[in-house]
Amino acid sequence: ASFFGSRSSKTFKPKKNIPEGSHQYELLKHAEATLGSGNLRMAVMLPEGEDLNEWVAVNTVDFFNQINMLYGTITDFCTEESCPVMSAGPKYEYHWADGTNIKKPIKCSAPKYIDYLMTWVQDQLDDETLFPSKIGVPFPKNFMSVAKTILKRLFRVYAHIYHQHFDPVIQLQEEAHLNTSFKHFIFFVQEFNLIDRRELAPLQELIEKLTSKDR
């Protein structure tokens with residue numbers, strides 16, 4: 001989207017592209033156009049006659065790409081030394097498990113955790129049985145629960161950036177991007193009730209601040 005200027009070339013993981021000419025691509029274009037209007041509450045609403053799964057899929061890919069870029073700009077500041085644990089402030093620490101390769105949660109540094117997390121998300125997005133890119137291929141029964149897990153985990157990257165790396169974000173003049181992206185993300189997950197309130201606790205004050213103006 002147009003949020004990102006010249007530095008957007010540096011992503012943390014390869015960008016996930018939605019195939020041009022596909023219905024999902026049209027939906028993405030619709031999302032970008034409504035975002036341009038500046039009314040984020042409106043922009044996240046399910047367009048009339050559209051499939052909720054498909055709308056959630058397109059937006060999940062978009063948030064992955066946005067977080068990818070945002071984290072890509074600050075990887076130099078997020079190191080084994082600076083972030084030996086994956087945290088979002090002193091009260092919240094995350095341990096990684098994906099249920100398949102790593103079943104028992106492991107304590108690891110933030111860069112390692114985020115690498116695991118983004119690779120895991122990428123694998124889900126690339127799985128045609130979960131995120132079908134072809135027209136008419138149905139979404140699986142468990143799609144929503146997978147999407148919720150993806151969004152819950154992507155939230156943790158925002159939380160880590162806000163709590164541990166906000167200074168470099170300001171120095172890089174990425175603050176407006178980060179806030180707009182996160183606000184869009186929060187409105188989206190609120191609209192469809194996709195993340196448990198408890199999971200959002202590390203950024204609760206910020207969420208109140210960003211969303212109160214738009215009620």
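Owing to the predicted nature of the structure, the values given are computational and were not obtained by experimental measurement.
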Honestly curious: do [X] and [Y] fall in one hydrophobic cluster under the side-chain, below-4.5 Å linking rule?
X: Tyr116; Y: Val85; result: no
X: Leu194; Y: Met45; result: no
X: Leu200; Y: Tyr92; result: no
X: Leu46; Y: Leu27; result: yes
X: Leu151; Y: Leu52; result: yes

Do any side-chain atoms of residues 133-147 form donor-acceptor pairs under 3.5 angstrom with protein atoms, and if so which ones, sequence neighbours left out?
unit_1: Ser133; atom_1: OG; unit_2: Glu128; atom_2: OE1; d: 3.3
unit_1: Ser133; atom_1: OG; unit_2: Glu128; atom_2: OE2; d: 2.8
unit_1: Ser145; atom_1: OG; unit_2: Asn142; atom_2: O; d: 3.0

From [X] [atom1] over to [Y] [atom2], what is the distance, rounded to the nearest 0.5 angstrom?
X: Ile114; Y: Thr119; atom1: CD1; atom2: OG1; value: 11.5 Å
X: Lys183; Y: Ile207; atom1: NZ; atom2: CD1; value: 12.5 Å
X: Phe64; Y: Met69; atom1: CZ; atom2: CE; value: 10.5 Å
X: Arg156; Y: Arg153; atom1: CZ; atom2: CZ; value: 6.5 Å
X: His184; Y: Leu210; atom1: NE2; atom2: CG; value: 13.5 Å
X: Tyr94; Y: Leu117; atom1: OH; atom2: CG; value: 10.5 Å

Backbone N or O of [Y] within a donor-acceptor pair of the [X] side chain at under 3.5 Å?
X: Gln164; Y: Gly89; answer: yes
X: Thr73; Y: Leu70; answer: yes
X: His95; Y: Ile106; answer: no
X: Ser181; Y: His177; answer: no
X: Asn59; Y: Trp55; answer: yes

If only side-chain N and O atoms count, and only distance matters, is there a donor-acceptor pair under 3.5 Å linking Gln171 with Asp167?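 Absent: no donor and acceptor within the cut-off.
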Classify the side-chain pair His165/Glu174 by whether it contains a donor and acceptor separated by less than 3.5 Å.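 No, no side-chain donor-acceptor contact under 3.5 Å.
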Shortest non-hydrogen separation from [X] to [Y] and the atoms involved:
X: Pro14; Y: Gln122; answer: CD-NE2, 3.3 Å
X: Leu40; Y: Thr180; answer: CD1-O, 4.5 Å
X: Arg197; Y: Gln204; answer: NH2-NE2, 3.9 Å
X: Gln124; Y: Phe131; answer: O-CD1, 3.3 Å
X: Ala159; Y: Ala88; answer: CB-CB, 3.7 Å
X: Phe188; Y: Val56; answer: CZ-CA, 3.9 Å

For Lys152 and Asp196, what are the C-alpha separation, side-chain angles and deciding distance, and is it a side chain to side chain contact (heavy atoms under 4.5 Å, CB included)? CA-CA 8 Å; Lys152 174 180 83 176; Asp196 197 305; over 6 Å; no
For the residue pair Tyr113 and Trp96, categorise the inter-ring angle as parallel (less than 30°), tilted (30 to 60°) or perpendicular (more than 60°).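 Plane angle over 60°, so perpendicular.
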Angle class for the Phe185/Phe155 ring planes (parallel below 30°, perpendicular above 60°, tilted otherwise)?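 Phe185 vs Phe155 ring planes: parallel.
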Salt bridge check: are Lys29 and Glu32 linked by an N-O gap of less than 4.0 Å?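 The answer is yes: the pair qualifies as a salt bridge.
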Are Asp126 and Lys16 ion-paired here, with the side-chain N under 4.0 Å from a carboxylate O?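 Yes, charged N to carboxylate O under 4.0 Å.
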Evaluate the criterion side chain to side chain contact (heavy atoms under 4.5 Å, CB included) for residue pair Ile67 and Phe12; output intermediate values, then yes/no. CA-CA 9 Å; Ile67 291 167; Phe12 177 58; over 6 Å; no
So do the side chains of [X] and [Y] get within less than 4.5 Å of each other, counting heavy atoms only?
X: Asn65; Y: Val61; result: yes
X: Pro111; Y: Glu80; result: yes
X: His163; Y: Lys91; result: no
X: Lys148; Y: Val189; result: no
X: Ile150; Y: Phe63; result: no
X: Tyr158; Y: Leu178; result: yes

Give the intermediate values and the outcome of side chain to side chain contact (heavy atoms under 4.5 Å, CB included) for residues Ile161 and Phe182. CA-CA 11 Å; Ile161 294 173; Phe182 181 62; over 6 Å; no
